[in-house]
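One structure is given below, encoded as structure tokens.
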Amino acid sequence: MTTSTVQRRHGAAATAAAVLVMTLTGCGLLDSSGPALPTESCPPAGSPSEGAPGAADPLVTVAVGQGPQDLTHVLYEDGWVLSLAEATPEALAAVRLPRYVPSPYDDGPMAWQIGYLGECAMEQVTDLAESVVTENARFGDPMITDQPTTYVTRYGSGEPVRVQAYALGREADASGLDRGEQDAREGLIALRDIAADAVPTGEVLEVTTLSVRGDPEYNLPSGWPGPPLKEILGSEPCGELVGDDAQAVYDYLLGEPDDLGWTKVAVVPPGIPAC
């Protein structure tokens, strides 16, 4: 075999490899660039949107806990943001602090703090969501125990796209992640942090709908002001309360009653299904 023949074969192999990389990248299966992280801080947000919080369609939701139902932030297309906050009589009487993230295992009722993002932050959120919340995203499985999972859902045309990352933010304490998975996690953290930095208005969303999860056969305390769990849930693990029933149960839970068993009640944000 001559030297020129070897060179031709090596050149053909290199060309084929380059074409394969370009094809995989174009299909979204291989992405060496990582998510487009924000490079500059946004200026102050200015005034909020003129519409009511929750009037626009959801853009992105963030949940932390045991499933996508454990919502912590809801971002809407017009810039309004709802952030989960502790709901005690004392907390509801005070101006909410930004970046509060309750434990997904909190038993008491929560409230949705109203906030908003400016145009710059919304552009960053949209770009990040499109680049990191994708069908082919890989976030790895870090080798660390007893951590919650973060679920991020991107809405828009077509079906919502949801990704999940276990132990998000604990990468420095874990192993088992490659460079691409670490880059994807950085993008997801940046998106989450922008949502957490929404400017709070000091107002709390009105309670209109509650989701209720639990065992339909469980007998709640006699002071429970709503329908029995069996009536709310039927044969399903989740049901909803609306209107006066929702407000009465929410007010009852503010008193931190005992003996609720595994019953979990949460305020449902606008545009998001209760179950």
Side-chain angles (χ1 to χ4, degrees), residues 53-54 57-76 80-92 96-115 148-153 155 160 162 164 192 195-196 198 200 203-216 218 220-221 223-275:
D57 291 333
L59 176 66
V60 172
T61 62
V62 180
V64 180
Q66 298 174 315
Q69 73 277 1
D70 294 324
L71 292 170
T72 60
H73 298 90
V74 182
L75 287 73
Y76 295 91
W80 286 109
V81 179
L82 299 179
S83 301
L84 200 62
E86 185 180 9
T88 63
E90 294 78 17
L92 292 177
R96 220 62 74 235
L97 298 176
R99 297 183 65 82
Y100 172 81
V101 180
S103 164
Y105 309 108
D106 285 344
D107 292 329
M110 294 293 171
W112 287 105
Q113 166 191 315
I114 299 173
T149 297
T150 298
Y151 303 82
V152 179
T153 305
Y155 296 82
R162 176 175 295 143
Q164 63 186 67
R192 180 199 64 187
E203 299 175 307
V204 175
L205 188 72
E206 181 183 0
V207 176
T208 59
T209 305
L210 297 178
S211 67
V212 182
R213 299 175 186 271
D215 179 0
Y218 187 78
L220 290 168
W224 172 263
L229 281 180
K230 193 167 187 177
E231 182 178 331
I232 299 171
L233 301 175
S235 59
E236 301 297 326
C238 176
E240 70 174 14
L241 291 174
V242 299
D244 292 341
D245 281 340
Q247 186 65 62
V249 168
Y250 185 78
D251 292 341
Y252 168 76
L253 294 175
L254 287 178
E256 301 181 354
D258 297 325
D259 303 324
L260 295 182
W262 293 103
T263 307
K264 178 77 172 180
V265 181
V267 182
V268 180
I272 304 297
C275 300

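The shown structure was predicted, so the numbers you read here are calculated from the model rather than taken from an experiment.
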What distance separates Arg192 CZ from Leu75 CG, expressed to the nearest 0.5 Å?
13.0 Å

Correct closest heavy-atom pair for Tyr250 and Ala111 would be OH-CB, 3.5 Å

Non-hydrogen atoms of Asp245 and Leu241 that approach each other most closely
CB-CD2, 4.2 Å

From CG (Leu82) to CG (Leu205), nearest 0.5 Å:
5.5 Å

On a heavy-atom basis, the closest approach of Gly65 and Tyr151 is O-CE1, 3.9 Å

Which value, rounded to the nearest 0.5 Å, describes the distance between Glu206 atom CD and Ile114 atom CD1?
10.0 Å

Lys264 and Gln69: side-chain contact (heavy atoms from CB on, under 4.5 Å), yes or no, with the steps?
CA-CA 11 Å; Lys264 178 77 172 180; Gln69 73 277 1; over 6 Å; no

For Tyr76 and Gly271, indicate whether the former's side chain and the latter's backbone hold a donor-acceptor pair under 3.5 Å.
no

For the residue pair Pro68 and Arg162, establish whether any side-chain heavy-atom pair is separated by less than 4.5 Å.
yes

Pairing residues for Asp251 by the side-chain hydrogen bond (donor to acceptor under 3.5 Å, both in side chains) criterion, not counting sequence neighbours:
Gln247

Got a donor-acceptor contact below 3.5 angstrom from the Thr263 side chain to the Gly214 backbone?
no

Side-chain donor/acceptor pairs under 3.5 Å, residues 223-233, sequence neighbours excluded:
residue : atom : partner : partner atom : Å
Trp224  : NE1  : Gly226  : O            : 3.1
Trp224  : NE1  : Pro227  : O            : 2.8

Trp262 (side chain) donor-acceptor with Asp215 (main chain) under 3.5 angstrom
no

If we only count heavy atoms from C-beta on, is the Thr61 to Val152 side-chain gap below 4.5 Å?
no

Report the distance from atom CE of Met110 to atom CG of Asp70, rounding to the nearest 0.5 Å.
10.5 Å

Scanning both residues in full, the closest heavy-atom pair of Leu260 with Pro221 reads CD2-CD, 3.9 Å

